[in-house]
Colleague: 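Could you have a look at this structure, given as structure tokens, before my questions?
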Amino acid sequence: MITVFIEPDNETLHFERLKTVLLLQQRLGLRVNDALVIRGDMLLTPDCRLQDGDEIRIRKVISTG
Amino acid sequence: MITVFIEPDNETLHFERLKTVLLLQQRLGLRVNDALVIRGDMLLTPDCRLQDGDEIRIRKVISTG
Amino acid sequence: MKCRKCKAPAEIDLPSHNTACCRACFAEYFTGQVDKAIRHHGLINPGERVLVALSGGKDSLSLMLELSRQGYDVTGLHVDLGIPVSSAAARAKVENFCTARGLKLKVVELIKEGLPIPDVKQYIHRPICSACGKIKRHWFNRVALTDGFQVLATGHNLDDEVARLFANTLRWDAGYLSDQGPCLAAESGFARKIKPLYRLTEFETACYAFLNGIEIHTAPCPYSSGATFTGHKKLWSDLEYTSPGTKIAFYDGFLKRGRPAFAQVDKDQGRAVAPCTTCASPTSTGVCGVCRLKIAVTERRAADPDRQTDPDRQ
Amino acid sequence: MKCRKCKAPAEIDLPSHNTACCRACFAEYFTGQVDKAIRHHGLINPGERVLVALSGGKDSLSLMLELSRQGYDVTGLHVDLGIPVSSAAARAKVENFCTARGLKLKVVELIKEGLPIPDVKQYIHRPICSACGKIKRHWFNRVALTDGFQVLATGHNLDDEVARLFANTLRWDAGYLSDQGPCLAAESGFARKIKPLYRLTEFETACYAFLNGIEIHTAPCPYSSGATFTGHKKLWSDLEYTSPGTKIAFYDGFLKRGRPAFAQVDKDQGRAVAPCTTCASPTSTGVCGVCRLKIAVTERRAADPDRQTDPDRQ
């Protein structure tokens, strides 16, 4: 199980069996440079593998104001 | 049942219970001016009601060559 | 939905113009847009003979019909590309259309001219769509020149023009932006080139063709992998849907405020133009580009063992 | 994925530049892009004092940090809009950032100046985002003028600039196209206005802010229904995805080949500018626009029964 927290929507989602960041981005309808993908204090590139128990923050970058 | 023939793809589709042209366009992912909607020798606007047994031709207009 | 003008049931919804039309009022609207284009940009002067490039598609046949109805002296020109199956079908549509309507038609056959497109594809190593376009333009110019037409009309519509303008704007191609438009003045032996449908969208020319019972050639070219500007056409469909009227505002705005700015920028000096020593078309290279293509194709075809009558292989 | 330069594991994939970076090489890349913008367009001259507009978002705080690291003499300016909850949160982010980094900061409080945004919204009948922008620009200019800054820097990024340029190109707004760019020269008592982040995308400034541990204000303005250019930003995201590098090519192409064409077109004659008789800001209308706004708000607030201390109602 992977826990995903989406900013700035403040929404939490859970996914089973998502092998890579790219698959997560596709599930969320995001392209490579639409959002930061954060694990701990690191940024992840699309090819990074996700692990069971990962907590990921998605920070969308298009400014809204 | 409504029979829909798509040009230039030469594809035939069947739909149950589609009340209006607008709903048909939405089902096909088409916007109002993306395709002609033809019944017999008439063009239909999005508000036109569809009837059971209708045979509709969809002629997409974006030129491909 | 009712016709905004006469209140009869509408057949055509035109959100870009915030209107809807019955077929009679749509015909008037269509005529009005073509007339506006012609008058506003001086596309055709009284007494001029107009050669209309006819591919067999909805745009070119609609243009031919509308210009003839408005009383212009029009002659169609179809270039038979010599592509198996596809070219015969397109040509038949054009010939049937002109015969049924009593319209004058000329046909150039690339097979007879020694330059069929399949041979160009086989022997010339460059993108076939670009070579084919060049050959067609060559013949339109050449027939206009030799047969005394002052004007050469093509069926480019608003969607074509906006997609092309957009591509050139993305690159800020100053040379192109200095003279794109519905009228390219006669110059160096070339006829004036006009686009009388530039105010009408692809949807509108398709409606016109349908409502006038024009049978059109719709099969895509077997050599083309898809339209050049399809990606941008989708983008513009989105923009137009969100803000109806954006396409014509972008194009008209360019003609009024964009093009004049670029027209002030110095153009590159034109090289001296003289008749091609082979076919007499205006060229700056002695022998024109298409005659050089023809020479290359002829040589390579002659050297191709598969294309020679070889008694041992028969 | 490995850093293209040093082969360490990459944290940032940048298809637009056909590269990927580790955090160290990304810092170098970011610095290089800002430096290139500054040198190429003469944004800051040696010894000049730079006032940086700080909203509390990722762009403005990243800009402040990067300019200070490059050794420029920077001072932040935050305008506290006086919007309940939201403004205090944004201001706290700005103050904490400057305190932690030892950076100079000035704060203008619109409540103290008699023109809090909630009152403008209540008493002035025009779009609040436009009035608020005008008031903020007024204060940036005014502080630059009165406190002797030669340069006013804002955090506009490539996505902001491309969306704005695109909107102006769709309209072929010749006046705007003649001077949009990363540097607006000092004129009529206004400081030079610069956009040192114009080569960097929103994604890149967001990465920079994260990698430098900058805490940013992300809550949208409670009065804004969404970004002005969001629609065009989506369109440009599609274009960039299909053809990486399109954004910077469009913007750089405009600066090289588009803007010069429009700069030749006669500009409308500037009206005579003199100090505002109330606040001394340069204006062509005697009393400047923001002082007139303040007068209107003050009058209407005074006439509003709900805002007066009424002993009978207490």
Side-chain angles (χ1 to χ4, degrees), chain C residues 16 158-159 161-182 198 225-268, chain D residues 16 158-159 161-182 198 225-268:
Chain C
S16 299
L158 180 61
D159 293 281
E161 290 296 284
V162 162
R164 183 184 299 264
L165 172 60
F166 184 60
N168 286 300
T169 303
L170 283 183
R171 291 197 315 274
W172 295 98
D173 180 330
Y176 190 88
L177 293 170
S178 70
D179 71 1
Q180 171 168 16
Y198 90 89
S225 60
T228 325
F229 295 126
T230 302
H232 294 164
K233 282 191 176 172
K234 171 73 176 60
L235 178 156
W236 275 94
S237 165
D238 292 349
L239 273 175
E240 184 70 23
Y241 180 76
T242 312
S243 308
T246 300
K247 282 179 198 168
I248 188 72
F250 176 62
Y251 198 76
D252 270 349
F254 166 73
L255 294 178
K256 287 197 193 103
R257 297 181 296 279
R259 193 174 60 174
F262 289 96
Q264 294 188 9
V265 177
D266 280 344
K267 297 190 190 178
D268 53 341
Chain D
S16 299
L158 180 60
D159 293 280
E161 289 298 285
V162 162
R164 182 185 299 263
L165 172 59
F166 184 60
N168 285 300
T169 303
L170 283 183
R171 292 196 317 275
W172 293 98
D173 181 328
Y176 189 88
L177 293 171
S178 72
D179 71 1
Q180 172 170 15
Y198 90 90
S225 60
T228 326
F229 295 126
T230 302
H232 293 165
K233 281 190 177 174
K234 173 73 175 61
L235 178 157
W236 275 93
S237 165
D238 292 348
L239 274 174
E240 184 70 23
Y241 180 76
T242 313
S243 308
T246 300
K247 282 179 197 168
I248 189 70
F250 175 62
Y251 198 76
D252 269 350
F254 166 73
L255 293 178
K256 286 197 194 103
R257 296 179 299 278
R259 193 173 62 174
F262 289 95
Q264 294 190 6
V265 177
D266 280 344
K267 297 190 190 179
D268 53 343

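We name chains A, B, ... by the order of the sequence lines, and we start the count at 1 in each one. We use all heavy atoms of the structure for the numbers below, so side chains are in, but hydrogens, waters and symmetry mates are not.
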Colleague: Give, as side chain, backbone, both or neither, the part of D:Y251 having an atom under 4.5 angstrom from any heavy atom of chain C.
Modeller: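 The answer is neither part of D:Y251.
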Colleague: Taking everything shown except D:Y176 itself, do over 12 heavy atoms lie less than 6.0 Å from its OH?
Modeller: yes
Colleague: With chain C, which of D:D173, D:D238, D:L239 has the greatest number of heavy-atom pairs at distances under 4.5 Å?
Modeller: D:L239
Colleague: How far does CG of D:L235 sit from CG of C:L235, to the nearest 0.5 angstrom?
Modeller: 3.5 Å
Colleague: Sub-3.5 Å donor-acceptor pair from the side chain of C:R257 to the main-chain atoms of D:G175, do we have one?
Modeller: no
Colleague: With sequence neighbours excluded, what pairs up with D:L177 under the side-chain contact (heavy atoms from CB on, under 4.5 Å) test?
Modeller: D:L165, D:N168, D:T169, D:W172, D:F254, D:F262
Colleague: Got a sec, which residues hit side chain to side chain donor-acceptor pair (under 3.5 Å) with D:S16, two or more places apart in sequence or on another chain?
Modeller: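 D:S16 satisfies side chain to side chain donor-acceptor pair (under 3.5 Å) with D:E240 only.
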